[in-house]
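Here is the structure we will look at, set down as structure tokens.
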Number of protein chains: 2
Amino acid sequence: MTTSPSVDVVRRFNRSYTQRVGVLEESFLGPDMPLGTARLLYEIGVAPGTAHALRTRLELDSGYLSRLLRRLQDDGLVSVAPDPDDRRRRRIDLTPAGRERWDELERRSAERARRLVAPLSDRQQARLVAALAEADLLVRAATIEIATVPPGSELARRAVAEYFAEVGARIDGTGTFDVDAALAADAHRLVAPHGAFVVATSAGEPVACGGVQTLEDGSGEIKRMWVDGSWRGAGLGARLLRHLEDVARDLGHAVVHLDTNAALTEAIAMYERSGYRRVERYNDNPHATHFFAKDLTAG
Amino acid sequence: MTTSPSVDVVRRFNRSYTQRVGVLEESFLGPDMPLGTARLLYEIGVAPGTAHALRTRLELDSGYLSRLLRRLQDDGLVSVAPDPDDRRRRRIDLTPAGRERWDELERRSAERARRLVAPLSDRQQARLVAALAEADLLVRAATIEIATVPPGSELARRAVAEYFAEVGARIDGTGTFDVDAALAADAHRLVAPHGAFVVATSAGEPVACGGVQTLEDGSGEIKRMWVDGSWRGAGLGARLLRHLEDVARDLGHAVVHLDTNAALTEAIAMYERSGYRRVERYNDNPHATHFFAKDLTAG
DNA sequence: GTCATTCTCTGACTCTAGTCAGAGATCAAT
DNA sequence: ATTGATCTCTGACTAGAGTCAGAGAATGAC
């Protein structure tokens, strides 16, 4: 059996960490509440919403979720009310008693973490914290899922909204982009067979996105590329870019272009690292100052 | 609610790691075998032994363990035979079929780890590995348990055996220590009210030990101090030393002495960092070259 | 040899966790 | 208004995980 050092270390960590920290989730275990119920209560406290949203987030069977919610409701911990937007759905919120219970879970979980680090010296604690923070970022980056979605889907809208918010703040300062017009155009240009739009999600939340459209036969353009601020430095941008290049290749493009703005310095650095070369202005985008292209047939 | 940064990072890590890597132990999940059974099979493969040893290691109910073993036995995966040393106990070993199944669990678990790191670039993988290895060491160090045990107990014997093996190898080179005589003396000197012997264990295995004996009223001596080679650099020695000083204080000592050998350079450095000062030879131990003392009433 | 203890096993339980197949309400599109 | 899809809930399950109280054999201390 061949194993790489990195695989061994990950496995060793998993084994010893679960053994010592216990089934980690059991930090939620408390009086009168089984693990599943407590976990659900906790998630509701973190982000209340519809039962449907909880179901997709926690990947629960609808019958199972319904029963768990019923129990929380009977205990007076959550309130269940029809969602005004769509009365098939139910909005789930914590009651004051539920909030109190949630705080208790928080305390319990924090206490557990505190006990874990307590025996360590200050210097060791600092080392552990740095190591876990680094591991956290990388694991989260590794488990991101990249999927092609319709530009009109809710996920895509949310991602593009973040894109425009950031581009507006960093380039324009006043937010004068015509967002609606851009979205309307995307709905046609960023779908097969002319293009595609992909969103990277982490735990169901969009953390990055990008689109490919066709300039002319064999020539594509990458648009709407955005990476969430808290995810910078995890190599996500480069990975997304590679993915988009694959998409462009699948669309039959031999070369991809992209434009960007001088204010987006990290992005420009990344394009250069990824093999893009500067080219002449190829469109009349008033917000673009730098233009790049990359040959997809080489390498 | 007050939280420290280190506690927050640990909690955040726990949350995201369990969420993404799933219930980690489920890496064992495979065909025709529930999680608990697979975990047990895996542990038997890692370290076969008596049912009793497995029970303490995995903290299982004896009835539950018995049933799990029965199932593994029925499936032809483990062999159960009376322990010749103590016929109440049963020795558990993997059969060839069990070993095959164990290999499969290994493969499965490695595959899982491989998938986790696969999306990362080589540099990121290296960063993740370094972070997890560091976290692993520190978490293991943080969860060590230090307990006072009788010098004659099996745990103490094992620890002292390691101590003599190492001291013999590093100082003497030939192993001419009179181990039996030393152990016989320990059995009297390292127990209350004259002294104590403590063992630090990690997952039930001894990883460090040390004893305190009485030289004269108010004056103690630290003996048999040992830290397992793979645990160096985790601050375990300093922690054990502090623990032994507390023990000495409880025994009524105002000062503790200790002797050591010039060959044990790390130990000497640690004693100095921990506030020990060099003193004149206070005994006729032929293997000792350096002598230290520390006042326990100050600070 | 006696007696308390230790180790394992069995039977009888409880409680979670989770699945599956509908039923009934609501919505979006035509 | 009809139709097909979506969302939630209920009932009826299965299986896993674990607890608890003994019973019977073996052991160690006296």
Side-chain angles (χ1 to χ4, degrees), chain A residues 18 22-23 25-26 28-44 48-75 78-93 150 152-154, chain B residues 18 22-23 25-26 28-44 49-75 78-93 150 152-154 187:
Chain A
T18 37
V23 179
E25 322 183 355
E26 288 184 4
F28 288 142
L29 270 184
D32 315 329
M33 202 182 292
L35 176 59
T37 317
R39 192 165 43 191
L40 176 60
L41 178 68
Y42 184 77
E43 289 296 333
I44 295 170
T50 64
H52 178 254
L54 287 168
R55 227 178 56 215
T56 54
R57 213 162 88 223
L58 301 181
E59 292 181 344
L60 294 176
D61 174 82
S62 70
Y64 184 33
L65 175 65
S66 177
R67 241 176 294 272
L68 291 177
L69 284 174
R70 160 60 60 98
R71 169 155 184 187
L72 288 173
Q73 197 181 5
D74 287 351
D75 290 349
V78 306
S79 64
V80 178
D83 180 357
D85 294 342
D86 180 343
R87 296 220 315 287
R88 287 170 305 181
R89 301 186 177 179
R90 314 281 231 103
R91 259 204 75 81
I92 315 293
D93 285 283
S153 66
E154 199 206 327
Chain B
T18 37
V23 179
E25 323 183 355
E26 288 185 3
F28 288 142
L29 271 184
D32 315 330
M33 204 183 291
L35 176 58
T37 317
R39 190 164 45 189
L40 176 60
L41 179 67
Y42 184 76
E43 288 296 332
I44 294 170
T50 64
H52 177 252
L54 286 169
R55 228 178 55 214
T56 55
R57 214 161 90 221
L58 301 180
E59 292 182 343
L60 293 175
D61 174 82
S62 69
Y64 185 33
L65 175 64
S66 178
R67 241 175 296 271
L68 291 178
L69 284 173
R70 161 60 62 97
R71 169 154 184 188
L72 289 173
Q73 196 182 4
D74 287 351
D75 289 349
V78 306
S79 63
V80 178
D83 180 356
D85 295 341
D86 179 343
R87 299 219 315 284
R88 289 171 305 181
R89 302 186 176 178
R90 314 280 231 106
R91 260 203 75 82
I92 315 293
D93 285 283
S153 67
E154 199 206 326

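In the text below, chain A, chain B and the rest are named by the order of the sequence lines, each starting its count at 1.
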Round to a whole Å and report the spacing from [atom1] of [X] to [atom2] of [N].
X       : N      : atom1 : atom2 : answer
B:Met33 : D:dA15 : CE    : P     : 17 Å
A:Leu54 : D:dT8  : CG    : C1'   : 13 Å
B:Asp61 : C:dT14 : CG    : P     : 16 Å
A:Leu60 : C:dT19 : CG    : C1'   : 13 Å
B:Arg91 : C:dT8  : CZ    : C1'   : 16 Å
A:Arg87 : C:dA28 : CZ    : P     : 11 Å
A:Glu59 : C:dA17 : CD    : P     : 17 Å
A:Leu58 : C:dG18 : CG    : P     : 11 Å

Exercise. Side chain to side chain contact (heavy atoms under 4.5 Å, CB included) with B:Ala51: which residues, sequence neighbours excluded?
Worked result: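 Counting only residues at least two positions away or on another chain, B:Ala51 forms a side chain to side chain contact (heavy atoms under 4.5 Å, CB included) with B:Leu65, B:Leu69, B:Ile92.
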Problem set entry | Those residues that, when tested against B:Arg88, pass side chain to side chain contact (heavy atoms under 4.5 Å, CB included) (two or more places apart) |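 Partners of B:Arg88 under the side chain to side chain contact (heavy atoms under 4.5 Å, CB included) test: B:Asp86.
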Exercise. With a 4.0 Å cut-off on heavy atoms, is B:Gly63 in touch with a base, just the backbone sugar-phosphate, or nothing at all?
Worked result: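 Base: the residue B:Gly63, judged by heavy atoms under 4.0 Å, touches a nucleobase.
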Exercise. Sequence neighbours excluded, which residues qualify as salt bridge (charged side-chain N to carboxylate O under 4.0 Å, His left out) partners of B:Arg90?
Worked result: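 Residues passing salt bridge (charged side-chain N to carboxylate O under 4.0 Å, His left out) with B:Arg90: none at all.
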Problem set entry | Test salt bridge (charged side-chain N to carboxylate O under 4.0 Å, His left out) applied to A:Arg91 - qualifying residues, sequence neighbours left out |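 Applying salt bridge (charged side-chain N to carboxylate O under 4.0 Å, His left out) to A:Arg91 gives A:Asp93.
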Exercise. Can you find an N or O donor on one side and an acceptor on the other, under 3.5 Å apart, linking the side chain of A:Thr50 with the base of D:dC7?
Worked result: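 Checked by distance alone, the answer is no.
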Exercise. Does the pair B:Ile44 and B:Leu72 meet the rule for a side-chain contact (heavy atoms from CB on, under 4.5 Å), with working shown?
Worked result: CA-CA 11 Å; B:Ile44 294 170; B:Leu72 289 173; 4.1 Å; yes
For this session: Determine which pairs satisfy salt bridge (charged side-chain N to carboxylate O under 4.0 Å, His left out) with at least one residue from residues 59-74 of chain A, sequence neighbours left out, and list them in order.
Result: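 Matches after skipping sequence neighbours: A:Arg71-A:Asp75.
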Exercise. In terms of side-chain heavy atoms of B:Leu35, which of C:dC27, D:dA26, D:dA17 is nearest?
Worked result: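 My answer, after comparing the listed nucleotides, is D:dA17.
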Problem set entry | Rounded distance [0.5 Å steps], CG in A:Leu60 versus CZ in A:Arg39 |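 Going from the CG atom of A:Leu60 to the CZ atom of A:Arg39 covers 7.5 Å.
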Problem set entry | Rounded distance (nearest 0.5 Å) linking atom CG of B:Leu68 with atom OG1 of B:Thr37 |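 Between B:Leu68 CG and B:Thr37 OG1, I get 5.0 Å after rounding to 0.5 Å.
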Heteroatom pairs (N/O) under 3.5 angstrom, protein to nucleotides 5-7 of chain C:
unit_1: C:dT6; atom_1: O4'; unit_2: B:Arg88; atom_2: NH1; d: 3.2
unit_1: C:dT6; atom_1: O2; unit_2: B:Arg88; atom_2: NH1; d: 3.0
unit_1: C:dC7; atom_1: OP1; unit_2: B:Arg89; atom_2: NH2; d: 3.0

For this session: Within residues 64-71 of chain B, find the residues that approach DNA chain C with a heavy atom at under 4.0 Å, and present them sorted by residue number.
Result: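 Under 4.0 Å from DNA chain C: B:Ser66, B:Arg67, B:Arg70.
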Problem set entry | Five-pair end axes of the helix from C:dG1-D:dC30 to C:dT30-D:dA1, angle between them (10°) |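 End-to-end axis angle: 30°.
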Exercise. Going by heavy atoms in the side chains, are B:Leu58 and B:Leu40 under 4.5 Å from each other?
Worked result: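 Sidechains of B:Leu40 and B:Leu58: in contact.
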